[in-house]
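See below for the structure under consideration.
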2 protein chains.
Amino acid sequence: MARPRQFDEDRALDAAMRTFWEYGYEATSTQDLCTATGLGRSSIYNTFRSKRELFARSLARYLDTMAEAQDAVLEDASRPPAERVRALLDKIVADEFDHRPHGRSLGCLGVNSTVELAARDPEAARLLDRDAARRLRTLSAVIAAGQRDGSIASARGSDALARYVNAVIGGMRIAAQGGADRAAVQSVADTALGALIS
Amino acid sequence: MARPRQFDEDRALDAAMRTFWEYGYEATSTQDLCTATGLGRSSIYNTFRSKRELFARSLARYLDTMAEAQDAVLEDASRPPAERVRALLDKIVADEFDHRPHGRSLGCLGVNSTVELAARDPEAARLLDRDAARRLRTLSAVIAAGQRDGSIASARGSDALARYVNAVIGGMRIAAQGGADRAAVQSVADTALGALIS
DNA sequence: CAAGTTCTGAACCGATCAATACAAAACAAC
DNA sequence: GTTGTTTTGTATTGATCGGTTCAGAACTTG
């Protein structure tokens with residue numbers, strides 16, 4: 001029995017997330033968040049309590065969305081496991097080179113936040129740890145399946161290979177953010193996959 | 001015919017560099033820089049003109065120092081080329097896990113700055129581009145030598161393999177910053193090297 | 001319509017931001 | 001020692017930081 005919100009909380013969260021993604025945590029001011037969301041300061045602080053909590057929710061939302069998309073690719077039963085890993089790497093390339101708001105890759109909010117905050121913000125570190133574990137779990141399972149059906153030839157442990165693929169993905173994102181062109185990043189993906197399948 | 005500096009400019013620059021390395025550009029205040037260098041504000045602004053220029057010089061110094069160290073490893077004529085690449089990757093692991101000032105890896109100031117600034121600071125982007133080109137040049141030459149002497153078996157182009165190794169290095173640093181343990185990061189290095197030599 | 005609750009906008013908080021002004025101190029050259 | 005220049009510490013600039021306060025508008029409920 002009170003006045004209802006005039007805005008959609010999820011839409012606001014999404015706008016905030018994109019702002020943190022583009023500028024990072026420190027370089028995003030509360031005024032930037034007001035402008036991006038279209039909300040007043042009161043509405044933001046009333047809803048999200050602080051810049052830090054708004055960031056934590058933005059990051060959690062991003063990681064969840066991305067992990068779901070990754071899982072969808074990796075669990076596509078219509079393809080052999082090795083092809084799913086290839087599709088994942090190709091998706092990273094597409095992510096980095098499509099939809100560039102200002103002609104430059106924004107990279108990955110997970111990677112960006114690892115660099116900016118993991119060492120000094122325990123909650124961010126916790127979210128990132130959980131996300132890494134989740135993605136490694138899916139990746140490892142798919143790679144193990146690929147080793148069983150022969151589409152992945154490497155004899156290394158599937159956990160180690162999963163960490164390897166995950167690290168290469170991070171490296172591809174850094175390369176793209178550093179200005180590497182699409183062919184260069186794609187060739188990193190191709191080379192990395194070669195280590196798995198042959 | 002005037003009063004000489006009471007401080008060593010290089011030592012001050014080094015202290016500033018370490019501060020930017022640990023906290024990033026945005027999260028480092030000019031007061032932090034005064035404390036770290038032991039200088040007053042006047043001395044800093046008199047010597048380095050602005051926070052931005054001090055950062056640019058810090059980054060340039062870091063990149064130069066690191067690239068020299070990398071070149072030293074890669075151009076060690078006493079080892080076959082493939083072993084030099086292995087030594088480089090092992091050095092990255094050692095860098096990330098030795099000398100951790102607060103129990104966490106600081107990562108690499110080059111990678112950190114790519115994430116934080118490459119998209120929005122043209123001078124930082126220029127320094128990072130030049131550094132990447134330099135490191136890729138050395139890496140590619142060593143890989144090509146390894147392909148000639150047979151220590152590197154991959155038939156891919158040496159430039160593509162150099163970009164690959166460079167991306168893996170970036171991924172290893174992100175993984176370490178994200179909390180991966182030493183064995184995990186070392187296994188990424190081993191797996192990556194496997195793609196080259198076999 | 002009246003009562004009760006929540007939301008919203010604007011003004012405002014002390015703190016801190018990067019950067020500057022300025023005068024006194026410190027030194028080199030003569 | 002005097003002159004001329006630079007450095008240095010302190011005080012201070014206006015702007016912006018993240019966050020709060022508060023009054024009144026807005027809306028649900030009865």
Side-chain angles (χ1 to χ4, degrees), chain A residues 1-60 109 112-113 116-117 120-124, chain B residues 1-60 109 112-113 116-117 120-124:
Chain A
M1 46 173 164
R3 182 179 174 182
R5 292 244 160 82
Q6 283 184 335
F7 61 92
D8 180 331
E9 189 170 319
D10 277 353
R11 293 182 78 85
L13 189 53
D14 217 65
M17 185 258 276
R18 275 193 296 271
T19 310
F20 284 126
W21 192 358
E22 178 164 358
Y23 297 105
Y25 176 77
E26 294 288 350
T28 298
S29 70
T30 53
Q31 184 53 50
D32 292 334
L33 294 166
C34 291
T35 303
T37 58
L39 305 185
R41 314 179 75 69
S42 297
S43 300
I44 285 191
Y45 276 87
N46 201 34
T47 309
F48 302 106
R49 294 204 56 80
S50 71
K51 181 187 172 187
R52 206 172 197 78
E53 284 195 29
L54 176 51
F55 175 78
R57 287 194 50 184
S58 298
L59 178 58
L109 181 59
N112 298 359
S113 302
E116 189 182 3
L117 297 169
R120 110 181 101 95
D121 181 334
E123 183 172 11
Chain B
M1 45 171 163
R3 182 179 175 182
R5 292 245 160 82
Q6 283 183 335
F7 61 92
D8 180 331
E9 189 169 318
D10 277 352
R11 293 183 77 84
L13 190 52
D14 217 66
M17 184 258 276
R18 275 193 296 271
T19 309
F20 284 126
W21 192 357
E22 178 165 356
Y23 297 105
Y25 176 78
E26 294 288 350
T28 297
S29 69
T30 54
Q31 184 53 52
D32 292 334
L33 294 166
C34 290
T35 303
T37 58
L39 305 184
R41 315 180 75 70
S42 297
S43 300
I44 287 189
Y45 276 88
N46 201 34
T47 310
F48 302 105
R49 295 202 56 80
S50 71
K51 181 186 173 188
R52 205 173 197 78
E53 284 196 29
L54 175 51
F55 175 79
R57 287 195 49 184
S58 298
L59 177 59
L109 181 58
N112 298 359
S113 302
E116 189 181 4
L117 298 170
R120 110 182 101 94
D121 180 333
E123 183 173 10

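Residue whose closest nucleotide on DNA chain D sits further toward the 5' end, between B/F7 and B/R41: B/F7. In terms of position on DNA chain C, the residue among B/Y45 and B/Q6 whose nearest nucleotide sits closer to the 5' end is B/Y45.
A/S29 and A/D32 form a side-chain donor-acceptor contact under 3.5 Å, judged by distance and modelled atom types alone.
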Side chain to side chain contact (heavy atoms under 4.5 Å, CB included) between A/L117 and A/R120, intermediate numbers included: CA-CA 5 Å; A/L117 297 169; A/R120 110 181 101 95; 4.2 Å; yes

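One can place CG of A/L33 at 10 Å from P of D/dG19, the figure rounded to the nearest angstrom. Atoms CD (B/E53) and P (C/dA18) sit 15 Å apart, rounded to a whole Å. Following rounding to the nearest Å, B/I44 (CD1) and D/dG9 (P) show an atom-to-atom distance of 11 Å. Following rounding to the nearest Å, B/N46 (CG) and C/dC22 (C1') show an atom-to-atom distance of 13 Å. Following rounding to the nearest Å, A/E26 (CD) and D/dT16 (P) show an atom-to-atom distance of 18 Å. Counting to the nearest Å, the P atom of C/dT16 and the CG atom of B/D32 are 12 Å from each other. Distance OH (B/Y23) to P (C/dC17): 13 Å, rounded to an integer number of Å. Rounding to whole angstrom units, CG of residue A/L39 and P of C/dG9 are separated by 8 Å.
Residue A/S43 has no polar side-chain atom (N or O) positioned under 4.0 Å from OP1 or OP2 of C/dC7.
Among B/F20, B/F55, B/W21, the one residue that satisfies the side-chain contact (heavy atoms from CB on, under 4.5 Å) test with B/S113 is B/F55.
Contact of A/S42 with C/dA10 (side chain to base): a donor-acceptor pair of N or O atoms is detected under 3.5 Å. Between the base of D/dT6 and the side chain of B/R3 there is no donor-acceptor pair shorter than 3.5 Å.
As judged by a 4.0 angstrom heavy-atom cut-off over every strand, A/S29 is placed among residues touching the sugar-phosphate backbone only. Using a 4.0 Å heavy-atom criterion, one finds that A/T47 contacts no nucleic acid atom at all. At the heavy-atom level, B/R5 lies under 4.0 Å from the strands shown only through sugar-phosphate atoms.
Around atom CZ of A/R5, more than 12 heavy atoms belonging to other residues, nucleotides or ligands sit under 6.0 Å away.
Relative to the six-membered ring of B/Y25, B/K51 meets both conditions, a distance below 6.0 Å and an angle of at most 45° to the axis.
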